[in-house]
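Residues: numbered from 1 along the sequence shown.
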Amino acid sequence: MSGFMFFIFFVTLIAFIVYWRKKANARKNAGDNYKDDPVYQKISKTKRIIGAVCIVSLLLGFGMSGNSSSTKSDSTKSAQVTEKAEKSPEEIAAEKAKQEEKKKENMVKEITTGWDTATQKDDDHKNIKKALELIKKYPDYIPNQPGEPLNTQQAMQKPWDFYGKVVTITGTIYNIQHYPPDHAARKFIGQECFNAMIRTNDGVYVSVDVVGNGNGIQNNAQVSLKGYVIGLTDLQDMKYGGKSDGLGFVAQQ
């Protein structure tokens, strides 16, 4: 219906222009007393009527167009609500399961990618930062993983093969140092942390940062810790001096 009103508008607009010119000619032909001239009066009246019809048709056209759009929008919303309401419990459960699976895929992708593989050593601390960020964001991930035993000899040669994998190291723990409350790592993670050395059962030395409370863990005790390999690190020989390569590890209790 709005299209018909716009058609009337364009027709009357053309007629209005024509009669506007006719009125101008009639005024010119009638001279100074054009207001009393019957021809001028008739053309002027017709022009006013056409102008009024032109304006009314334009307003009606816009009004009907708006109502049509509103009706169409309401119909679309109504159809969407109806479609949603008609979903069965099985369909809703399937959609929820699909969303959870996608969320899990994104989490695994974030955990297994983005590690710094430019060098063997984590000298710029990119990997330890990533490991701590992952533990903070996904605190239940490491505890719920089986944590396969780490082949520490292979990890010393190619640590990047183990980035993003939850693995377990086992050995003798010593040199336990608890981080103070204002330590950067403890403040970032929002809970207690400690650093320690572990000599694994196959003779590899590991510098491990542990997210969790170390109370009750005694030096020279046998421990098993799950977490992420972060690369090689420099180990200081406290007895004889000098440095040697060890394995860097971030664990979560």
Side-chain angles (χ1 to χ4, degrees), residues 97 100-117 119-123 125-179 183 185-186 188-235 244-253:
E100 289 297 322
E101 184 64 25
K102 184 65 176 179
K103 185 178 179 181
K104 182 179 178 180
E105 289 177 2
N106 292 336
M107 178 187 69
V108 172
K109 183 178 180 181
E110 183 179 358
I111 290 172
T112 56
T113 61
W115 297 84
D116 183 12
T117 59
T119 63
Q120 282 186 311
K121 292 186 177 182
D122 190 37
D123 290 335
H125 309 301
K126 289 182 180 179
N127 286 341
I128 188 173
K129 182 180 179 183
K130 180 173 177 65
L132 291 173
E133 287 175 345
L134 292 175
I135 292 174
K136 182 177 182 180
K137 188 173 182 179
Y138 305 113
D140 297 328
Y141 185 74
I142 289 178
N144 291 329
Q145 298 302 306
E148 295 294 328
L150 176 65
N151 186 321
T152 51
Q153 298 293 339
Q154 290 183 5
M156 286 290 293
Q157 295 175 10
K158 295 181 179 181
W160 49 82
D161 286 346
F162 300 91
Y163 292 162
K165 298 178 181 179
V166 177
V167 293
T168 301
I169 59 171
T170 301
T172 303
I173 191 169
Y174 64 97
N175 196 27
I176 300 171
Q177 298 181 11
H178 297 272
Y179 288 147
H183 190 278
R186 179 170 173 176
F188 173 78
I189 207 70
Q191 56 181 297
E192 291 187 67
C193 306
F194 65 95
N195 176 267
M197 290 296 301
I198 290 180
R199 185 182 185 278
T200 64
N201 295 337
D202 57 354
V204 174
Y205 288 87
V206 182
S207 175
V208 56
D209 289 281
V210 184
V211 176
N213 189 318
N215 295 339
I217 301 178
Q218 302 295 324
N219 280 313
N220 300 317
Q222 278 284 310
V223 297
S224 291
L225 296 172
K226 286 196 297 184
Y228 301 114
V229 172
I230 60 170
L232 302 188
T233 186
D234 288 330
L235 300 181
S244 61
D245 286 340
L247 195 63
F249 197 77
V250 175
Q252 181 183 8
Q253 282 188 308

**Student:** Output the distance between atom OG1 (T119) and atom CG (L232), rounded to the nearest 0.5 Å.
**Tutor:**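 The CG atom of L232 is 8.5 Å from OG1 of T119, to the nearest 0.5 Å.
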
**Student:** Identify the heavy atoms of H125 and I128 that sit nearest to each other, and give their distance.
**Tutor:**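 Minimum heavy-atom contact is O-CG2, 3.2 Å.
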
**Student:** Once you round to the nearest 0.5 Å, how far does CD of E101 lie from CG of N106?
**Tutor:**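 CG of N106 is found 10.5 Å from CD of E101.
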
**Student:** Of the non-hydrogen atoms in T168 and G147, which two are nearest, and what is the gap between them?
**Tutor:** OG1-O, 2.6 Å

**Student:** Any side-chain heavy atom of K103 sitting closer than 4.5 Å to one from M107?
**Tutor:** no

**Student:** By salt bridge (Lys or Arg N to Asp or Glu O under 4.0 Å), which residues pair with D245, not counting sequence neighbours?
**Tutor:**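 Checked D245 against salt bridge (Lys or Arg N to Asp or Glu O under 4.0 Å); matches are K121.
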
**Student:** Under a 3.5 Å threshold, yes or no: a donor from one side chain and an acceptor from the other, between Q218 and N220?
**Tutor:** no

**Student:** Taking side chain as C-beta onward, heavy atoms only, is Y141 less than 4.5 Å from Q252?
**Tutor:** no

**Student:** What distance do K136 atom NZ and Q191 atom CD have between them, rounded to the nearest 0.5 Å?
**Tutor:**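 CD of Q191 is found 10.5 Å from NZ of K136.
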
**Student:** Might you point out which heavy atoms bring I217 and I176 nearest each other, and give the distance in Å?
**Tutor:**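 Distance-wise, the nearest heavy atoms are O-CD1, 3.4 Å.
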
**Student:** Specify the closest pair of heavy atoms between L134 and W115, including all atoms of both residues, with the distance to one decimal.
**Tutor:**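 Scanning both residues completely, I find the closest heavy atoms to be CD1-CZ2, 3.7 Å.
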
**Student:** Side chain of T233, backbone of G248: donor and acceptor closer than 3.5 Å?
**Tutor:** no

**Student:** Taking atom types as modelled and ignoring hydrogens, do the side chains of T172 and Q222 form a donor-acceptor contact shorter than 3.5 angstrom?
**Tutor:**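 Yes, because at least one side-chain N or O of T172 sits under 3.5 Å from a partner of the opposite role on Q222.
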
**Student:** Please report the shortest heavy-atom distance between Q120 and Q157, naming the atom on each side.
**Tutor:**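 Looks like NE2-O, 2.9 Å.
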
**Student:** What pairs with Y138 under side-chain hydrogen bond (donor to acceptor under 3.5 Å, both in side chains), at least two apart in sequence or on another chain?
**Tutor:**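 In terms of side-chain hydrogen bond (donor to acceptor under 3.5 Å, both in side chains), with neighbours along the sequence ignored, Y138 is linked to E110.
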
**Student:** Look at the side chain of D122 and the backbone N and O of K126, then say whether any donor-acceptor pair between them is shorter than 3.5 Å.
**Tutor:** yes

**Student:** To the nearest 0.5 Å, what is the distance between CZ (F162) and CD (Q154)?
**Tutor:**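 If we round to the nearest 0.5 Å, F162:CZ and Q154:CD are 5.0 Å apart.
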
**Student:** Under 3.5 Å, side chain of N127 to main-chain N/O of D116, donor-acceptor pair present?
**Tutor:** yes

**Student:** For the pair K226 (side chain) and Q145 (backbone), establish whether a donor and an acceptor sit closer than 3.5 Å, ignoring hydrogens and angles.
**Tutor:**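 A pair under 3.5 Å: yes.
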
**Student:** Working to the nearest 0.5 angstrom, can you tell me the gap between T117 OG1 and K158 NZ?
**Tutor:**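 Separation between the atoms: 13.0 Å.
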
**Student:** Looking at every heavy atom in both Y228 and V166, which two are closest together, and how far apart are they?
**Tutor:**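 In this case the closest contact between Y228 and V166 is CE2-CG2, 3.9 Å.
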
**Student:** If you look only at distance, which donor and acceptor atoms sit under 3.5 Å apart when one is on a side chain in residues 194-216 and the other is two or more places apart or in another chain?
**Tutor:**
| residue | atom | partner | partner atom | Å |
| --- | --- | --- | --- | --- |
| N195 | ND2 | V208 | O | 3.2 |
| N195 | ND2 | D209 | OD1 | 3.3 |
| R199 | NE | Y205 | OH | 3.3 |
| T200 | OG1 | D202 | OD1 | 2.4 |
| T200 | OG1 | V204 | N | 3.0 |
| T200 | OG1 | V204 | O | 3.2 |
| D202 | OD1 | T152 | OG1 | 2.8 |
| D202 | OD2 | T152 | OG1 | 2.4 |
| D209 | OD1 | Y179 | OH | 2.2 |
| N213 | OD1 | N215 | N | 2.6 |
| N213 | OD1 | N215 | ND2 | 2.9 |
| N213 | ND2 | E192 | OE2 | 3.2 |

**Student:** Mark yes when over 12 heavy atoms from residues, nucleotides or ligands other than K109 sit less than 6.0 Å from its NZ; otherwise mark no.
**Tutor:**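 For K109, atom NZ is not crowded (no more than 12 foreign heavy atoms under 6.0 Å).
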
**Student:** Could you give the distance from CG (L225) to CD1 (I142), rounded to the nearest 0.5 Å?
**Tutor:**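 The distance works out to 10.5 Å.
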
